[in-house]
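Just below is one structure, and these are the notes that go with it.
Order of appearance sets the numbers: ligands from 1, and atoms from 1 within every ligand. These numbers come from a predicted model, not from an experiment.
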Amino acid sequence: MRTSPLLIAFALVFAVVDVPFVGHASDENKVEVFSWWTSGGEAAALDALFSVFERQDPGVQIVNAAVAGGGGSAARSVLQTRLAGGTPPDTWQTHPGSELRGQYVEPGFCEPITDLYKSNGWDTAFPKELVLSLMTEDRQIYAVLAGIHRGNVLWYNARLLEKNGIKVGDRMTFDQFFAACDKLKAAGIPALGVGDSGVWASAQLFENTLLGVVGTKSWLDLFSGAMQWDDPKVKEAIKLFGKMQDYVNADHAALSWDQAIKALIEGKVAFSSMGDWADGEFLKANLKEKVDFGWICHPGTDGVFIIIADGFTLAKNAPHKEAALAWLKSIGSKEAQEAFNPIKGSIPARTDVDRSKFDAYHQWSMDSFAKDKPVPSCVHGEAAPAAFQQALNDAVTLFLVDRDVDRFANALVRAARGFPARNP
Ligand code: GAL
């Protein structure tokens, strides 16, 4: 087929001229989006959100202000500096609950977006409980959720386990888990992959183990102040967490969370206890569910769903408010939720999505979310104030060196004084 001379002329013109709809919008028509989504799976999912937004609102230039570092370990302090200095991004990634309220709403860094809920019918599209309990302050809503992660997942390299004669059913007790670890250790394989160059990954392993030992009620009691952090059950969890260290990869402190998942993919480690953003890495690497990798609940946590939800805010005095509102509207759309979550590993926050667009892991997680008990994560900022989250990270760091169970528990007792400011 011959290309028409007219088409060639167009191509030449567009090659040399600034064309607004290919991303050179004027300065006014842009939105700065702040997040920490930079790993392979995270960046791909963020790109999917951007693509949907570009389709829905052509002409708005997106400024991707992502700061690398899983769990927001580096991003959150960069953000605080910008907020305190009066130069906010238009919108930023946040965890609802204590983080959203304590770090952003109460200091006055956010504008409510309650009207978006009304004008877009979101009052019925999003789980009321979640919106009311985690994102509402004085009857105003301050964020819209892009997706909901499950924190307490134990991932495994299916081929490696099979090769070593280890069978995993649909759940695992701590005893079964440690039996598998011993078998792998005897074969010279570090059973548990951790990448805690950002300490939070180890803190998350502890968090998952704590829930597995104390259960839902005690979890909520710990964060409401009804149970003490030096309770024998907490100490039992600390001991188990200590025992796990004997099976962790030696280079854990040099790896990020996603490098640890990469080690699992490559068969260098067998298990990893990590939130389901890990699924994004498996997908990015084209791994097959149940063939190459599998998942179960972290031992002892069947029937409980640690919620790690990702929302976006509207900055007070947002430099580009209209574009920011359009971005938030896009995040809450069915189209965005169906494009983003299958890649990110999270499930949509909207309850009216087309389930057939999701793979087996997502189906499992959606079922779990529908029937299991939800609890907020401490490591990802929902359950407790930032100071406690930091104290937990510090206690974990020290424990990895001294293995002193009492010191760990006492540090948490001290950190918990003065809260609950409010039960999430
Ligand atoms: C969490 C966040 C997830 C994922 C993870 C690792 O805090 O909610 O979306 O990005 O950190 O970076």
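- Ligand 1 is surrounded by Trp36, Trp37, Glu42, Gly70, Gly71, Gln93, His95, His149, Trp257, Trp277, Ile308, Asp310, Lys344, His380, each with at least one heavy atom closer than 4.0 Å.
- For Phe53 and Trp327, the ring centers sit closer than 6.0 Å to each other.
- Partners of Arg355 by side chain to side chain donor-acceptor pair (under 3.5 Å), not counting sequence neighbours, listed by chain and number: Gln363, Asp367.
- In this structure, the side-chain contact (heavy atoms from CB on, under 4.5 Å) partners of Gln389, at least two apart in sequence or on a different chain, are Arg76, Gln103, Ala386.
- Between the side chain of Glu207 and the main chain of Ala203, no donor-acceptor pair closer than 3.5 Å is present.
- Not a single side-chain contact (heavy atoms from CB on, under 4.5 Å) links Val401 to another residue, sequence neighbours left out.
- Relative orientation of the Phe177 and Phe271 rings is perpendicular, given thresholds of 30° and 60° on the angle between their planes.
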